There are 2 protein chains.
Amino acid sequence: MKTETKKPHLSIQAFQRMPYYLQYLKKIFAEGAVNISSRLVAQHFGFTEIQVRKDFAAVSSAAGIPKHGFDVKQLIIDIEELLGYRNTNEAVLVGAGAFGSTFFKCDSIKEYGLSIVAGFDINNDIVGKQIHGKPVFHSSKISELCKRMQTHIGIIAVPSDQAQEACDKLVEGGVLAIWNFSQVHLSVPEGVLVQNENMAVSLALLSKHLQDKLKKDEVIPK
Amino acid sequence: MKTETKKPHLSIQAFQRMPYYLQYLKKIFAEGAVNISSRLVAQHFGFTEIQVRKDFAAVSSAAGIPKHGFDVKQLIIDIEELLGYRNTNEAVLVGAGAFGSTFFKCDSIKEYGLSIVAGFDINNDIVGKQIHGKPVFHSSKISELCKRMQTHIGIIAVPSDQAQEACDKLVEGGVLAIWNFSQVHLSVPEGVLVQNENMAVSLALLSKHLQDKLKKDEVIPK
DNA sequence: TGATTATCGATATTATAATATTGAATAAAA
DNA sequence: TTTTATTCAATATTATAATATCGATAATCA
């Protein structure tokens with residue numbers, strides 16, 4: 001009898017932990033592990049085991065077994081399914097300069113189901129050329145080409161003052177998800193997702209921790 | 001009489017919004033704005049005005065004035081102070097290959113108070129050379145040189161299977177904050193911060209949104 | 001076969017963050 | 001000077017996520 005367990009709600013936070021679980025599970029599976037307990041997983045990541053159990057319960061089709069733990073292989077299948085690494089998504093890149101063009105040669109992107117099919121830029125030195133085998137068009141063509149190619153993902157790697165304009169063109173071209181590497185907030189209509197990758201935010205967190213730490217050690221030296 | 005307002009607690013979420021506020025405030029200040037109301041800021045970012053007021057209250061030394069709003073210049077000063085953009089932090093880069101070396105030429109990093117002073121790698125083709133004027137040493141020297149240079153920030157840009165080892169060496173060298181671009185969880189002793197920059201996580205979020213969106217539009221076409 | 005123990009799932013509690021409500025303050029207009 | 005519109009601050013509420021508690025289950029061992 002198949003006990004089709006109703007999956008609990010998966011929070012955004014939990015969703016973001018999934019790639020980490022997946023990477024770890026794949027590693028221990030390759031090393032021969034068949035079962036894994038929530039306690040061991042929790043120890044590895046520094047989480048609580050309750051959290052790990054809840055996370056697994058929210059994605060897994062098979063329940064854990066007392067004294068045995070969870071089926072590693074099944075978990076891998078379920079998480080890969082959830083993350084959608086199977087189906088490949090096509091994306092375009094806006095801003096193919098020094099920073100942006102690194103995306104063309106970045107292999108790990110492919111691994112996670114993203115394929116960059118074209119680049120756009122306003123610099124005439126690179127427009128019309130190919131970078132790592134991918135064509136670079138002028139930015140004025142963004143909407144037109146996105147529509148024609150049915151592309152739904154856009155990567156923004158242009159300077160901040162050009163980001164909103166690039167974003168608008170992508171949206172006009174039917175793009176539904178934007179990976180934003182500029183440092184500005186992007187306004188988009190409802191239904192379009194902006195995923196921000198903001199260096200300034202990360203650096204602020206690093207810098208704050210460091211300042212707090214150094215100040216503390218100064219006052220209370222061991 | 002100076003009303004020294006006791007600042008409310010600043011949540012991590014709120015802290016991460018600060019770089020966005022700062023960028024926006026600087027822009028409107030350059031355009032001549034002296035005061036700004038929480039409503040306008042909220043509109044720009046798609047936040048609620050209550051949230052904006054709370055965020056500002058948590059960092060600003062000056063309260064907002066009814067009918068006038070907040071002093072733009074004062075906010076800029078307060079947020080810059082909070083984020084620590086004034087003082088520069090020195091960092092080392094582990095993994096100076098195709099991806100890692102882009103950090104050397106990345107200008108925006110400097111702007112946010114980070115200066116990369118050296119790189120490390122295990123590839124003998126680049127060890128001993130200079131990339132964009134910065135020396136690249138062999139990875140076996142990480143701890144030793146970090147100690148000598150008193151560096152407290154490390155950037156990890158090596159393949160996943162080498163990340164934990166690199167991390168350990170940095171920690172041994174006295175590094176207190178690690179910017180992790182690998183896709184694995186890093187174990188560190190208490191007191192050391194790991195800031196993850198995980199492409200897999202972002203791509204998962206993008207991919208999920210897209211799948212949900214496309215599936216929905218398929219079922220309920222407009 | 002029965003006791004033991006590791007591990008699970010479900011429910012309850014607490015912590016954190018976002019939003020709604022209310023009343024007060026202030027600049028500008030009447 | 002009084003009124004009005006706007007915007008603020010403080011408190012209360014709700015939403016979200018993390019953690020703690022407890023009873024149940026299944027493999028192991030006596």
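Source: prediction; values computed, not measured. All chains are named by letter (A, B, ...) in the order of the sequence lines, taking the proteins before the strands, and each is independently numbered beginning at 1.
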* To do: Take nucleotides 14-30 of chain D nucleotide by nucleotide from the 5' end and write B, S or -, depending on whether a protein heavy atom sits under 4.0 Å from the base, only from the sugar-phosphate, or from neither.
  => ---SSBB----B-S---
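By the 4.5 Å heavy-atom criterion applied to side chains, A:L83 and A:Y112 are not counted as neighbours. Inter-residue side-chain proximity for B:V41 and B:D55 is flagged as unmet; no heavy-atom pair is nearer than 4.5 Å.
Rounded to whole Å, the distance from CZ on A:F56 to C1' on C:dA10 is 18 Å. Look at CD on B:Q43: it is 13 Å from P on D:dT6, rounded to the nearest Å. B:E49 has its CD atom 8 Å from the C1' atom of D:dT7, to the nearest Å.
Look at A:R39 and you won't find any side-chain N or O under 4.0 angstrom from OP1 or OP2 of C:dA6. OP1 or OP2 of D:dC8 has at least one side-chain nitrogen or oxygen of B:S38 nearer than 4.0 Å.
Ring geometry, A:Y24 versus A:H44: the interplanar angle falls under 30°, so the pair is classed parallel (tilted spans 30 to 60°).
When atom types are taken as modelled, the side chain of B:H152 and the backbone of B:G174 share a donor-acceptor pair closer than 3.5 angstrom. Although no hydrogens or angles enter the test, the distance criterion places no donor-acceptor pair under 3.5 Å between the side chain of A:H209 and the main chain of B:V194.
Considering B:V175, B:L186, B:L176 as possible partners of B:L170, the one that fulfils the side-chain contact (heavy atoms from CB on, under 4.5 Å) test is B:V175.
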